[in-house]
*Asks:* 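Let me begin by handing over the structure; questions about it come next.
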Amino acid sequence: MTGVIPMTARRSSPRRPSSSQLLTRVCDRSPGLAAGLVGGAVAAGLGLGALTVLVMVLWISSPYPDSGPGGALHVAAALWLLAHGVELVRADTLSGVPAPVGVTPLLLSVLPVWLVHRAARDAVDADEDGVAPPVSARTAWAGVVLGYLTVGAGTALYAAGGSLRPSWAWTVLGLPTVVALSAGAGVWTAYGRPRGPVDRLLRLLPPGTRRVLLGPRGREKFLVAVRAAGAAVAVSVGGGAGLVAVSSVWHGDVAREAFLRLTEGWSGRCAVLLLCVTLVPNAAVWGAAYALGPGFALGTGHGVGPWVSDPAPMLPPFPLLAAVPDAGAGTPWNWAAGVVPLAAGVTMGWFVGRGGMRWSVRRTAVIAGLAAAVCAAVLAVAAVMAGGPLGVGVLARFGPVWWQVGGAALAWGVGVAVPVAVVVRVCGGWVARWRTAAATKALTKAAAKAAEEASRALSLAEARATASRTTQASRATPQKAAPPKATEPSKATAAKSSTPAKPSKRSGPSKSPGTPVVAPRDGVTLRKKTVTPVPPEAAAPPSPRPVPHPKESEAYDLLPADEPVEDVWRDEALRARWDALRDELRQRTPEPEAPANTEPEPPAAKAEAEAKAEPPAPPSPQDRGTS
């Protein structure tokens with residue numbers, strides 16, 4: 001049984017996969033390539049379809065079309081190739097010599113470039129979790145480029161049968177270059193713009209420049225240079241567009257006449273208007289070249305610049321060409337165009353100076369020179385794409401010359417941007433130091449003020465704490481009552497009463513201090529006196545309190561009516577004073593004599609005498625405390 005089971009297992013597993021399994025494996029191994037091929041083909045089809053729809057609408061709306069639908073489709077294919085920088089050749093000329101058409105409408109090139117970029121970015125699809133893209137960069141790029149070029153090759157073959165035929169040299173060189181660069185930018189964007197490809201490109205630069213860019217903080221320096229160059233290019237091209245607009249308004253009559261002479265129907269005028277709109281970026285680049293100094297060529301041997309204008313005498317009527325300055329030497333109005341490159345250089349230097357505050361002055365100058373080189377390269381490429389031949393003979397050179405534009409842009413950048421960057425860097429350092437000093441001074445003042453306020457608050461808190469401790473100490477020390485001070489009884493009062501009488505009931509406490517308290521029968525007056533409390537350590541040592549005799553305390557009220565009992569008997573000094581007063585009163589009070597008559601006393605007098613004979617003894621402090 002042990003030998004049968006393995007044999008059965010081997011026979012149950014198939015050795016040859018089916019056709020569906022092979023197809024699934026192929027699709028699983030190259031999902032990015034297939035998606036890239038489809039994406040590139042779709043992008044090419046969308047661009048071609050958009051131009052085809054536009055051309056067909058114009059052909060249908062034309063009252064007198066020169067050709068049928070096939071001719072319109074050939075023109076659409078030729079325009080699609082022209083948008084990629086492919087030079088066309090017009091075969092049906094009056095002289096019979098094929099005439100090249102190499103001026104590429106830059107606005108028309110935006111559509112295919114954007115479509116290729118978007119297709120390459122979408123080809124690098126991330127997984128469902130969005131963690132990492134499953135398609136490699138090379139696979140996605142190759143798929144998009146191959147798919148797009150496949151459609152492009154078919155379009156070029158189809159356009160070769162029309163009146164506008166593509167140049168095969170430009171088709172082989174120009175079309176793949178534009179597609180490859182656009183797809184590469186799309187893949188690089190999809191991967192988050194990594195630094196590796198940029199570093200590999202920077203290694204192609206000279207050693208000195210490469211050392212600056214690839215050293216510490218090389219990426220930051222490169223980004224500063226690129227931003228400064230981009231700002232300068234934007235100012236240059238924008239200024240060129242402004243010059244074209246001002247010149248078109250100045251020559252408005254010529255432009256309107258040229259527009260009306262080209263065609264009569266509204267569909268033809270719409271076509272001319274669309275062509276002018278697509279050539280507006282070209283005119284802006286021409287204006288930038290004019291402001292830089294070299295200008296542009298309007299025919300072989302005929303140049304137009306701020307110093308001199310010499311256009312070809314037999315130019316075709318076109319609204320944008322009406323903005324060309326009149327023939328002759330330049331005027332101060334023409335020289336004023338130099339404000340554009342000056343503003344571009346100042347902008348470039350300001351960007352570099354502001355971005356290089358942490359660098360040295362020498363390094364700031366180097367980065368400004370690098371930004372000027374980048375700006376010159378971009379403007380040179382734009383000059384190549386904005387110009388081109390429009391025929392043979394005189395029209396073989398049409399537009400700015402790229403090397404002249406690049407050299408002039410580099411000269412303006414080095415001459416203006418580098419000094420401005422250095423000045424901004426130095427002034428920025430001064431301003432930064434001044435701001436630092438001002439901030440330090442302000443912080444010092446604020447700290448001193450805060451310290452003063454804290455000291456005042458601390459002093460106030462200490463004063464309040466001292467007052468609080470004093471108040472608590474005064475509240476903790478018991479207030480001693482003043483001893484009763486009896487007035488010296490007069491002789492008349494002592495004679496009237498032989499024996500001191502004791503009141504039956506003491507009067508209530510006095511409401512106001514200092515009010516005299518009068519005994520009810522003996523006429524002795526006691527006054528309340530405020531006595532400063534004696535500290536415990538200064539008080540006399542306690543002595544045994546003598547128990548007063550009942551008869552010795554009959555003549556006086558023992559306690560003030562408005563003071564608590566315990567406050568009087570607690571003080572030993574008051575007890576001693578009371579003993580002295582008692583002795584004095586004992587000496588001054590005479591002994592009562594027996595009555596001479598022996599008549600019986602009335603009951604009321606007898607009850608009164610009994611009450612006087614037995615006065616209650618004053619309670620001791622211990623008895624009062626327990627009660």
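The residues of the chain are indexed from 1 along the displayed sequence.
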*Asks:* Can you list the steps and then say if Leu108 with Thr104 is a side-chain contact (heavy atoms from CB on, under 4.5 Å)?
*Replies:* CA-CA 8 Å; Leu108 195 64; Thr104 302; over 6 Å; no
*Asks:* Which of these passes side chain to side chain contact (heavy atoms under 4.5 Å, CB included) with His117: Thr189, Val144, Leu181, Asp122?
*Replies:*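 Exactly one option meets the side chain to side chain contact (heavy atoms under 4.5 Å, CB included) with His117, and it is Thr189.
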*Asks:* Would you indicate whether Trp168, at its atom CH2, is surrounded by more than 12 heavy atoms from other residues, nucleotides or ligands within a distance under 6.0 Å?
*Replies:* yes
*Asks:* Does the side chain of Leu107 come within less than 4.5 Å of Leu279's, by heavy atoms?
*Replies:*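 No, side chains not in contact.
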*Asks:* CG of Leu48 to CG of Leu79: how many Å apart, nearest 0.5 Å?
*Replies:*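 Result: 10.5 Å between the selected atoms.
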*Asks:* Would a distance-only check, ignoring hydrogens and angles, find a side-chain to backbone donor-acceptor pair under 3.5 Å from Ser182 to Val179?
*Replies:*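 No; judged by distance alone, with no hydrogens or angles, the pair does not exist.
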*Asks:* Let's go through Leu298 and Trp286 carefully: what are the C-alpha distance in whole Å and the side-chain angles of both, what is the deciding distance for side-chain contact (heavy atoms from CB on, under 4.5 Å) to 0.1 Å, and is it a yes or a no?
*Replies:* CA-CA 11 Å; Leu298 285 181; Trp286 289 24; 3.9 Å; yes
*Asks:* Once the angle between the rings of Phe296 and Tyr290 is folded into 0 to 90°, is it parallel (under 30°), tilted (30 to 60°) or perpendicular (over 60°)?
*Replies:*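 Ring orientation of Phe296 relative to Tyr290: tilted.
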*Asks:* At what distance, to the nearest 0.5 angstrom, does CG of Leu106 lie from OG1 of Thr278?
*Replies:* 9.5 Å
*Asks:* So which heavy atom on Ala119 is nearest to which on Gly39, and how close?
*Replies:*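 Smallest interatomic distance, heavy atoms only, reads CB-O, 3.7 Å.
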*Asks:* For the pair Trp141 (side chain) and Ala180 (backbone), establish whether a donor and an acceptor sit closer than 3.5 Å, ignoring hydrogens and angles.
*Replies:*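 At least one qualifying donor-acceptor pair exists.
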*Asks:* Give the minimum heavy-atom separation between Ala255 and Pro319, together with the two atoms involved.
*Replies:* CB-O, 4.0 Å
*Asks:* Within the structure provided, determine whether Leu342 and Trp412 are in side-chain contact (heavy-atom separation under 4.5 Å).
*Replies:* yes
*Asks:* Return the CZ to CG distance between Phe398 and Leu390, rounded to the nearest 0.5 Å.
*Replies:*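 It comes to 5.0 Å.
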*Asks:* For residues Ser236 and Val233, determine if any side-chain heavy atom of one lies less than 4.5 Å from a side-chain heavy atom of the other.
*Replies:* no
*Asks:* How many angstroms lie between OG in Ser109 and CG in Asn282, if you round to the nearest 0.5 Å?
*Replies:* 8.0 Å
*Asks:* If you round to the nearest 0.5 Å, how far is CG of Leu321 from NE2 of His251?
*Replies:*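 If I round to the nearest 0.5 Å, the distance is 12.5 Å.
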*Asks:* Could you tell me whether the side chain of Ser248 and the main chain of Val244 form a donor-acceptor pair under 3.5 Å?
*Replies:*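 Answer holds: yes.
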*Asks:* Hey, are the side chains of Arg121 and Val187 touching, using non-hydrogen atoms and a 4.5 Å cut-off?
*Replies:* no
*Asks:* I want to check something: taking the side chain as every heavy atom from C-beta on, are Val401 and Pro294 in contact at a cut-off of under 4.5 Å?
*Replies:* no
*Asks:* Val340 vs Leu243, test: side-chain contact (heavy atoms from CB on, under 4.5 Å). Steps then yes/no.
*Replies:* CA-CA 9 Å; Val340 174; Leu243 293 178; 4.3 Å; yes
*Asks:* Would Tyr148 and His84 count as a ring pair (Phe, Tyr, Trp, His ring centres under 6.0 Å) if you check the C-alpha gap in whole Å, the side-chain angles of each, and the deciding distance to 0.1 Å?
*Replies:* CA-CA 12 Å; Tyr148 199 96; His84 294 80; 5.6 Å; yes
*Asks:* Measuring only between side-chain heavy atoms, which start at C-beta, is Val304 closer than 4.5 Å to Pro325?
*Replies:*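 In contact.
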*Asks:* Between Arg269 and Leu260, is any pair of side-chain heavy atoms under 4.5 Å apart?
*Replies:* yes
*Asks:* What closest approach, in Å, do Glu87 and Val101 show between heavy atoms, and which atom pair accounts for it?
*Replies:* CG-O, 3.7 Å
*Asks:* What is the minimum heavy-atom distance between Gly353 and Thr364, and which atoms define it?
*Replies:* CA-CG2, 4.5 Å
*Asks:* Determine whether Pro105 and Leu82 make a side-chain contact, defined as any pair of heavy atoms from C-beta on separated by less than 4.5 Å.
*Replies:*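 Pro105 reaches Leu82 side chain to side chain.
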*Asks:* Kindly check if the number of other-residue, nucleotide or ligand heavy atoms within 6.0 Å of CH2 (Trp59) is above 12?
*Replies:* yes
*Asks:* Is the backbone of Gly70 close enough, under 3.5 Å, to the side chain of His74 for a donor and an acceptor to pair up by distance?
*Replies:* yes
*Asks:* Quick one: do Trp403 and Val405 satisfy side-chain contact (heavy atoms from CB on, under 4.5 Å)? Show the steps, please.
*Replies:* CA-CA 5 Å; Trp403 60 269; Val405 173; over 6 Å; no
*Asks:* Taking all atoms of both residues into account, what is the closest heavy-atom pair of Ser167 and Val86, and its distance?
*Replies:* O-CG1, 4.1 Å
*Asks:* Is a donor on one side and an acceptor on the other found under 3.5 Å between the side chain of Arg425 and the backbone of Trp359?
*Replies:*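 Yes, Arg425 side chain to Trp359 backbone: donor-acceptor pair under 3.5 Å.
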*Asks:* Rounded to the nearest 0.5 Å, what's the gap from OG1 on Thr155 to CG on Leu51? Could you check?
*Replies:* 10.5 Å
*Asks:* Taking all atoms of both residues into account, what is the closest heavy-atom pair of Gly406 and Ala380, and its distance?
*Replies:*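 Heavy-atom minimum between the residues: CA-CB, 4.1 Å.
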*Asks:* Under the rule for side-chain hydrogen bond (donor to acceptor under 3.5 Å, both in side chains), what residues qualify as partners of Trp188, not counting sequence neighbours?
*Replies:*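 side-chain hydrogen bond (donor to acceptor under 3.5 Å, both in side chains) list for Trp188, sorted by chain: empty.
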